[in-house]
Amino acid sequence: RYPTGERAPDALWGSVKIYLDLSRQEKGRSYYTKRSDARMQALAEKYPASPYAAQAQLIEGQKYQDTQDWLKAAELYQKLKPGSAGYEEGLLGAGTCYLQHATNLLREKKSDEAKVYLSNAETWLKKALTELDKKSSATLDRDLLARLGSQAFGAKTTLASLYLLNDVNRESEIFPLFEGGELFVFPVVR
């Protein structure tokens, strides 16, 4: 009723969550999925400054990840704007998706094509680590620090997985990733 109201993005986000829950309960019925998609799109278009718009983008990216459409998911994650809620998570998501796509290409013996996506994965994962570190040093909120720390650990372990691939062979770069933190031993997969 009041599309310019202060709480309009909150109401729209609430409807997104309800339709997503109904879709899960009804095993992905297209009726509910279409409604949640339409609400997410409206949220992103009409209220791009809302923190919920970034969450909608993350959910949309996760849907593509679930169907293993790695490149589409990475594209969506990359659209998150710096400073928006979920920006760092989007960087991590993009890097992870590029690594998954590259891994699939390596399984198909398409090493030359995979190199491009391995490079993209490394770029986005390193960018995620930089942004997570920057955001962590700018807050004292314990809950936020825990979430950012978890995401940073995820970025480091994903980057370590990339370095362990036979086609990459950069194991020596793993231990510096974890300097100052706990030491983890990764098995070398050959």
Side-chain angles (χ1 to χ4, degrees), residues 20 24 27-28 33 37 40 54-139 144-190:
L20 286 172
R24 275 189 219 107
K27 308 289 187 263
T33 303
D37 290 347
M40 281 192 277
Q55 293 300 319
Q57 197 108 28
L58 288 171
I59 289 171
E60 199 63 23
Q62 184 61 52
K63 283 183 184 179
Y64 284 103
Q65 268 189 280
D66 291 345
T67 61
Q68 298 184 357
D69 189 346
W70 307 116
L71 295 180
K72 183 66 177 174
E75 178 187 325
L76 286 170
Y77 289 138
Q78 290 173 162
K79 289 182 179 179
L80 290 165
K81 305 229 182 302
S84 68
Y87 172 66
E88 297 81 9
E89 190 174 348
L91 297 173
L92 174 57
T96 302
C97 288
Y98 280 129
L99 178 58
Q100 288 293 334
H101 185 68
T103 303
N104 287 344
L105 290 171
L106 290 171
R107 278 190 208 114
E108 296 169 5
K109 308 289 188 218
K110 298 179 181 177
S111 298
D112 291 338
E113 196 177 335
K115 286 179 184 175
V116 173
Y117 296 105
L118 290 169
S119 176
N120 286 347
E122 182 177 22
T123 299
W124 286 97
L125 291 167
K126 284 184 172 182
K127 188 173 182 179
L129 285 170
T130 301
E131 292 300 319
L132 287 163
D133 186 49
K134 194 184 312 181
K135 193 166 184 175
S136 292
S137 61
T139 187
L144 179 59
L145 285 169
R147 195 180 85 232
L148 295 172
S150 175
Q151 290 174 1
F153 181 74
K156 289 175 183 181
T157 56
T158 305
L159 197 52
S161 297
L162 185 152
Y163 292 154
L164 286 172
L165 290 172
N166 286 333
D167 292 77
V168 178
N169 289 322
R170 291 169 49 191
E171 294 91 356
S172 63
E173 296 181 44
I174 293 172
F175 289 109
L177 288 173
F178 296 94
E179 283 181 0
E182 294 181 41
L183 182 62
F184 294 89
V185 178
F186 295 95
V188 177
V189 180
R190 296 278 173 194

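Each residue takes its place number in the sequence, starting with 1.
- Using a cutoff of 4.0 Å between basic side-chain nitrogens and carboxylate oxygens, Glu122 and Arg170 are scored as salt-bridged.
- Looking at Leu132 and Leu92, their side chains never come closer than 4.5 Å, going by heavy atoms from C-beta outward.
- The two atoms that bring Tyr77 and Gly93 nearest to each other are CD1-C, 3.3 Å, heavy atoms only.
- Shown here for Phe178 and Ala160, the closest heavy-atom pair between the two residues is CE1-CB, 4.4 Å.
- Nearest heavy atom pair, residue Leu58 against residue Gly86, reads CD1-CA, 3.9 Å.
- Here the closest heavy-atom approach between residue Glu60 and residue Asp37 is recorded as OE1-OD1, 3.8 Å.
- If you take CG on Leu129 and CD on Glu88, they are separated by 11.5 Å, rounding to the nearest 0.5 Å.
- Contact check for Lys110 versus Tyr117: no side-chain heavy atoms found under the 4.5 Å cut-off.
- Remark: the backbone N or O of Ala146 is not paired with any side-chain donor or acceptor of Ser150 at under 3.5 angstrom.
- Atoms CD and CG, on Glu113 and Leu118 in that order, are 11.0 Å from each other to the nearest 0.5 Å.
- Interatomic distance, Trp124 CH2 to Glu131 CD, rounded to the nearest 0.5 Å: 10.0 Å.
- In this structure, CD1 in Ile174 is found 8.0 Å from OG in Ser161, a value given to the nearest 0.5 Å.
- Applying the side-chain contact (heavy atoms from CB on, under 4.5 Å) test between Cys97 and each of Gln65, Lys72, Glu75 identifies Gln65 as the sole match.
- Between Tyr163 and Asn169 the shortest side-chain heavy-atom distance does not fall below 4.5 Å.
- One finds the OG1 atom of Thr157 at 9.0 Å from the CG atom of Leu159 (value rounded to the nearest 0.5 Å).
- Contact of the Gln100 side chain with the Gln68 side chain is not registered, since no non-hydrogen atoms from C-beta on lie closer than 4.5 Å.
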Check against side-chain contact (heavy atoms from CB on, under 4.5 Å), Leu99 and Leu165: CA-CA 10 Å; Leu99 178 58; Leu165 290 172; 3.9 Å; yes
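- For the pair Arg107/Thr103, a side-chain contact is recorded, criterion being any heavy-atom separation below 4.5 Å from C-beta on.
- To the nearest 0.5 Å, atoms CG (Leu177) and OG1 (Thr158) are separated by 10.5 Å.
- By the neighbour-count criterion of 12 heavy atoms within 6.0 Å, atom NZ of Lys115 is sparsely surrounded, having that number or fewer from other residues, nucleotides or ligands.
- Closest approach of Leu80 to Gly90, counting heavy atoms only: CD1-CA, 3.6 Å.
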